[in-house]
**Q** 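Submitted below is the structure of interest, expressed as structure tokens.
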Amino acid sequence: MISHEDSMRILIADDDEDDRTFFSDAMMELKMNNNLTLFNDGKELMDYLANPDILLPHLLFLDLNMPRKSGFECLKEIRADLRFKDVSIAIYSTSSSEKDIEETFIEGANIYIKKPNDFNKLKKVIKEVLNVNWQFHSSGLNKETFFFSI
């Protein structure tokens, strides 16, 4: 039995309940060793991250357009806090606007994923993203590798 310390800790903040369910179902079907925590919006996510006793996530999937606190606001706050310097952030959005991609790249997101509307594509995206060697990927980050498409 693998303990929670050995599993990949993944957070997702998305205000769309269907998208959260879709993501969670895809993660379960992949049967990869991970611990997924879901948040309804950016405020809920940031309240959680403010707790100094949490085990930091390895990877955070962040929707951009959320009420109360947008994914963009969360990204800026997380990247401004050294405590989270090793957390990889995947922007997970329906938007493929060049402006959103550019701004999140500049603010320090690790990868930008346009939400697939097909369950099998979503599983493929999640599997690919979870298998990235983030230390290596982050050091060689450039705009060409930033926008992830399947």
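If you're wondering where the values come from, they're calculated on a predicted model, not measured in any experiment.
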**Q** Keeping T104 on the side-chain end and D100 on the backbone end, is there a donor-acceptor pair under 3.5 Å?
**A**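 Present.
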**Q** Side chains of M46 and I78: closer than 4.5 Å at any heavy-atom pair?
**A**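 Sidechains of I78 and M46: in contact.
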**Q** Report the distance from atom CD of E103 to atom OH of Y112, rounding to the nearest 0.5 Å.
**A**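 Taking CD in E103 and OH in Y112, the distance rounds to 10.0 Å.
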**Q** Does a side-chain heavy-atom distance below 4.5 Å link I12 with Y92?
**A** yes
**Q** What I'd like to find out is whether the side chain of D47 reaches to under 4.5 Å of the side chain of K43, using heavy atoms alone.
**A**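 Result yes, sub-4.5 Å side-chain heavy-atom pair found.
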**Q** Please answer whether the main-chain N or O of L49 pairs with a side-chain N or O of R83 as donor and acceptor at a distance below 3.5 Å.
**A** yes
**Q** What about L62 and I54, same hydrophobic cluster or not, with Ile/Leu/Val/Met/Phe/Trp/Tyr joined at side-chain heavy-atom distances under 4.5 Å?
**A**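 Both belong to a single hydrophobic cluster.
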**Q** Any side-chain to backbone donor/acceptor pair from N110 onto I89? Under 3.5 Å, distance only.
**A**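 At least one qualifying donor-acceptor pair exists.
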**Q** Which pair of heavy atoms, one from C74 and one from G42, lies closest together, and at what distance?
**A** SG-CA, 3.4 Å
**Q** For the NE2 atom of H58 and the OG atom of S7, what is their distance to the nearest 0.5 Å?
**A** 7.5 Å
**Q** At what distance, to the nearest 0.5 angstrom, does OG of S93 lie from CE of M66?
**A**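 Spacing of OG (S93) from CE (M66) equals 9.5 Å.
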**Q** For the pair F39 and Y48, name the ring-plane relationship: parallel under 30°, tilted 30 to 60°, perpendicular over 60°.
**A**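 It falls in the tilted class, 30° to 60°.
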**Q** Under a 4.5 Å cut-off applied to non-hydrogen side-chain atoms, are K123 and K127 in contact?
**A**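 Sidechains of K127 and K123: no contact.
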**Q** Flag the pair N35 / L55 as yes when at least one side-chain heavy-atom distance between them is below 4.5 Å, and no otherwise.
**A**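 Result no, sub-4.5 Å side-chain heavy-atom pair not found.
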**Q** Check this for me: N117, atom CG, are more than 12 non-hydrogen atoms of other residues, nucleotides or ligands nearer than 6.0 Å?
**A**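 Open.
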**Q** Linking I/L/V/M/F/W/Y whenever any side-chain heavy atoms sit under 4.5 Å apart, do M28 and F61 land together?
**A** no
**Q** Restricting to non-hydrogen atoms, name the atom on L38 and the atom on E44 that form the minimum distance, rounded to 0.1 Å.
**A** O-OE1, 4.1 Å
**Q** Main chain of G108, side chain of R79: is a donor-acceptor contact present, judged purely on distance under 3.5 Å?
**A** yes
**Q** Report the C-alpha separation of I126 and L30 in whole Å, then their side-chain angles, then the decisive distance to 0.1 Å, and conclude whether the side chain to side chain contact (heavy atoms under 4.5 Å, CB included) test is met.
**A** CA-CA 9 Å; I126 291 171; L30 285 168; 3.6 Å; yes
**Q** Report the distance from atom OG of S70 to atom CG of L75, rounding to the nearest 0.5 Å.
**A** 9.0 Å
**Q** For the CG atom of D16 and the CZ atom of F22, what is their distance to the nearest 0.5 Å?
**A** 10.5 Å
**Q** Please report the closest heavy-atom contact between D41 and P67, naming both atoms and the distance.
**A** CB-O, 3.7 Å
**Q** Rounded to the nearest 0.5 Å, how far does OG1 of T94 lie from CG of N65?
**A**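 Nearest 0.5 Å value for the CG-OG1 distance: 6.0 Å.
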**Q** Are the charged groups of K115 and D63 less than 4.0 angstrom apart, N to O?
**A** yes
**Q** Can you tell if the side chain of L60 reaches within under 4.5 Å of the side chain of F84, non-hydrogen atoms only?
**A** no
**Q** Does the side chain of L130 reach to within under 4.5 Å of the side chain of M27, using non-hydrogen atoms?
**A** yes
